Amino acid sequence: MTTTPQNDTGTRDLAAAFADYAPSVEGRDIVTIRPRYGLLSGGEERDARDGAVFATIDPSTGDHIAEVAEGSAQDVDDAVAAARAAYESTWRDMPGRTRAKYLFRLARLLQDRSREFAVLETIDGGKPIRESRDVDVPLAAAHLFHHAGWADKLEYAVPGMTGRPLGVVGQITPWNFPLLMVAWKIAPALACGNTVVLKPAETTPLTALLLGELAREAGFPPGVLNVVTGAGATGAALAGHPGVDKVAFTGSTEVGKAIRRATAERGTRLTLELGGKGAHVVFDDAALDQAVEGVVDGIFFNQGHVCCAGSRLLVQEGIADELLGRLRRRIELLRVGDPLDKNTDVGAINSHAQLERIRGFVEDAREDGARIHQTSRPLPERGFYFPPTIVEGLGGSEAICREEVFGPVLAVQTFRTEAEAVARANATRYGLSAGVWTEKGSRILWVSQRLRAGVVWANSFNRFDPASPFGGMRESGFGREGGRQGLQEYLRLEPVGA
Ligand code: NAP
Ligand code: MG
């Protein structure tokens, strides 16, 4: 999952690197986008009860794409009732192998229409088509296939325990991986026999709706998968709904805390996948070309809108100048621009509000005395874009070194010893991801055992697999998605024979 096909650390001159550049733009006409979308509830597409709508836009231009139903508390209520009815009348008691057939069918339909999904994801959210085509859509299908395979084998998921479904699950997803996060959520929930009410992010609702349509096409019983579009209030209505047995949320730490309070009131089960401030720790014996590519991928993949982004670089003093020189040259080679162009490395920032937030962090860092290095290549004039940025010369206590920017901004610090590297990496309220770069196996073990992060990659970054559990600790949340651990979050477990 590298953001560029070449392993070029900037030794070629720029003119040569761009000489072969010819835009190759994926056609918008691959998808039919309707002017208006309803929400999906009880197997039907319908308007919000009060007729409210919101607009979704294309962040690469700022142009209006479509109007989408804005679900109210009443619409959430309807969807929860439909999910409950489907749970009790069909889904809960259906043999696992039959549930699997529906999920396999959905996965295959998604594969069949993968090009359409990739283009729609890119238009609605701004991510490069190469990423939606090669990462988001195939991984979403992989999650559906993987969990479809578990549906009739749940008795083996947790040795010595029997699992039963929980009931109606409320799932709330963010805008950075709109389709993939939906797949991560619905695949295990449905495989385990739960029914779902899903609330996708306001700025990127279209691929969730299209997947909901595919579920209808796949013949899912009405009410098994409901998609209630809307903004924060719709999500809050879902998270606090008394008819929901479990809430699964992926999003910001702030909203996650509010949801934790709301679910605590009712004793609703909860998993939270929240923000992060992941650190790359690069030792002086690391393979530098590989580390450069890993660091670039870790922060510029998906414009840095990645919860587990490596948004901090901790580099050992002896190689700091060399590594930073290579990184500065390397970011000059990143193509920032039209997300539908297959050569684009860094696409559009998802929303104007997010662009302003990123700008604010970088301006504050400048005032804090940081040295700011940005690519010199021009940005598109329309749409929301931010240049790949490296921030150096800060001590570590500044906001940009501690808070999640969620943009293409890398904050750099140096360290001398392993212990100092670990202390710096752990100096954050988050605990989602980290990367260790060294040729020494013993050092990988020593460091990774001390890093407080749910996922630690060694000499790689941003590797995902449906069989591998993913999740955080501390203010990055709790619970896991993927693997057997992810299934347990959707089952009520009892000892065999109890
Ligand atoms: P967000 O503002 O927290 O929103 C996430 C979802 O919650 C959206 O659907 C949002 O709706 C909804 N929401 C907003 N306010 C709500 C409320 N009071 N009650 C219930 N739901 C509410 O986060 P985001 O800006 O979309 O996403 C970025 C964040 O997600 C980052 O912090 C990132 O690190 C995190 N993330 C974490 C993971 C992980 O696995 N740990 C993965 C991806 C992203 P609207 O869109 O309508 O506001
Ligand atoms: Mg949009």
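Keep in mind the model is a prediction, meaning the values are calculated, not measured. Note that these values count all heavy atoms, side chains included, but never hydrogens, waters or copies made by symmetry. The chain is numbered in sequence order, starting from 1. Counting starts at 1 for both ligands and their atoms, in listed order.
- Atom 2 (O) of ligand 1 has its closest protein heavy atom at S252 OG, 3.9 Å.
- Between T250 and ligand 1, not a single N/O pair is under 3.5 Å apart.
- A side-chain contact (heavy atoms from CB on, under 4.5 Å) with C401 holds for exactly one of Q413, K277, R424; it is Q413.
- Nearest protein heavy-atom neighbour of atom 24 (P) of ligand 1: W175 NE1, 3.3 Å.
- Under 4.0 angstrom from ligand 1, there are no non-hydrogen atoms of V306.
- Among protein heavy atoms, atom 46 (O) of ligand 1 sits closest to E202 N, 2.8 Å.
- With 2.8 Å as the limit, I57 counts as an N, O or S neighbour of the Mg ion (ligand 2).
- Protein heavy atom at the shortest distance from atom 43 (C) of ligand 1 is N176 ND2, 3.2 Å.
- When only interatomic distances are considered, the shortest N/O to N/O separation between E404 and ligand 1 falls below 3.5 Å.
- A donor atom on one side chain and an acceptor atom on the other are not found under 3.5 Å apart for D78 and S41.
- Shortest contact from atom 41 (N) of ligand 1 to any protein heavy atom: L274 O, 2.8 Å.
- When all heavy atoms of G298 and N462 are compared, the closest pair comes out as CA-ND2, 4.0 Å.
- No donor-acceptor contact under 3.5 angstrom links the side chains of S72 and D50, judged on distance only.
- In terms of protein heavy-atom proximity, atom 15 (N) of ligand 1 is nearest to G232 CA, 3.5 Å.
- Atom OG1 in T195 sits 7.5 Å away from atom CG in N226 (nearest 0.5 Å).
- Taking distance alone, with nitrogen or oxygen atoms compared against 3.5 Å, S476 stays at or beyond that limit from ligand 1.
- Less than 4.0 angstrom separates some heavy atom of A236 from each of these atoms of ligand 1: 19 (N), 20 (C), 21 (N).
- Less than 4.0 angstrom separates atom 4 (O) of ligand 1 from none of the non-hydrogen atoms of the protein.
- Aromatic ring centroids of F470 and W184 lie under 6.0 Å apart.
- A salt bridge does not link E404 to R312: none of the charged side-chain nitrogens sits closer than 4.0 Å to a carboxylate oxygen.
- Ring-plane geometry between F461 and H280 is classed as tilted, the angle between the planes lying from 30 to 60 degrees on a 0 to 90 degree scale.
- With respect to E213 and R34, a salt bridge is recorded, a charged nitrogen being found less than 4.0 Å from a carboxylate O.
- Not a single heavy atom of F177 lies less than 4.0 angstrom from ligand 1.
- Taking the six-membered ring where the residue is Trp, the centroids of Y87 and W91 are separated by 6.0 Å or more.
- At a 4.0 Å cut-off, at least one heavy atom of F470 sits close enough to ligand 1 to count as contact.
- The shortest N or O to N or O distance between G251 and ligand 1 is below 3.5 Å.
- At least one heavy atom of G230 sits less than 4.0 Å from an atom of ligand 1.
- Interface of L432 with ligand 1, defined as ligand atoms under 4.0 Å from a residue heavy atom, comprises 41 (N).
- The residue A239 has no part lying near ligand 1, judged by heavy-atom distances below 4.0 Å.
- At under 3.5 Å, a nitrogen or oxygen of K199, whether backbone or side chain, sits near a nitrogen or oxygen of ligand 1.
- Residue-ligand proximity, F249 to ligand 1, at heavy-atom distances under 4.0 Å covers atoms 3 (O), 5 (C), 6 (C), 7 (O).
- Annotation: T173 places an N or O atom under 3.5 Å from an N or O atom of ligand 1; distance criterion only.
- Aromatic ring centroids of F406 and W175 lie under 6.0 Å apart.
- Using 4.0 Å as the threshold, P200 has a heavy atom nearer than that to some atom of ligand 1.
- Of the protein's heavy atoms, P174 CB, 3.3 Å lies nearest to atom 27 (O) of ligand 1.
- Screening V53, L39, L206 for a side-chain contact (heavy atoms from CB on, under 4.5 Å) involving V68 leaves a single residue, L206.
- Counting the atoms of ligand 1 from 1 in the order shown, those under 4.0 Å from a heavy atom of G235 are 19 (N), 20 (C), 21 (N).
- The Mg ion (ligand 2) has T203 among its coordinating residues (N/O/S atom, backbone or side chain, under 2.8 Å).
- Between the side chains of T389 and Q374, a donor-acceptor pair is found at a separation under 3.5 Å.
- Set against the non-hydrogen atoms of C307, the atoms of ligand 1 under 4.0 Å away are 33 (C), 34 (O), 36 (N), 37 (C), 38 (C), 39 (C), 40 (O), 41 (N), 42 (C), 43 (C), 44 (C).
- Here T56 contributes OG1 and D124 contributes O, and at the Mg ion (ligand 2) these two atoms make an angle of 140°, given to 10°.
- In this model, no donor atom of one side chain and acceptor atom of the other lie less than 3.5 Å apart for T250 and T173.
- The pair E217-R113 meets the salt-bridge criterion, with a side-chain N (NZ, NE, NH1 or NH2) lying under 4.0 Å from an Asp/Glu carboxylate O.
- Here the protein heavy atom with the shortest distance to atom 40 (O) of ligand 1 is E273 CB, 3.3 Å.
- Of all non-hydrogen atoms in E116 and V31, the two that sit nearest each other are O-CG1, 3.1 Å.
- For the side-chain hydrogen bond (donor to acceptor under 3.5 Å, both in side chains) with K246, the lone residue among N194, T268, T271 that qualifies is T271.
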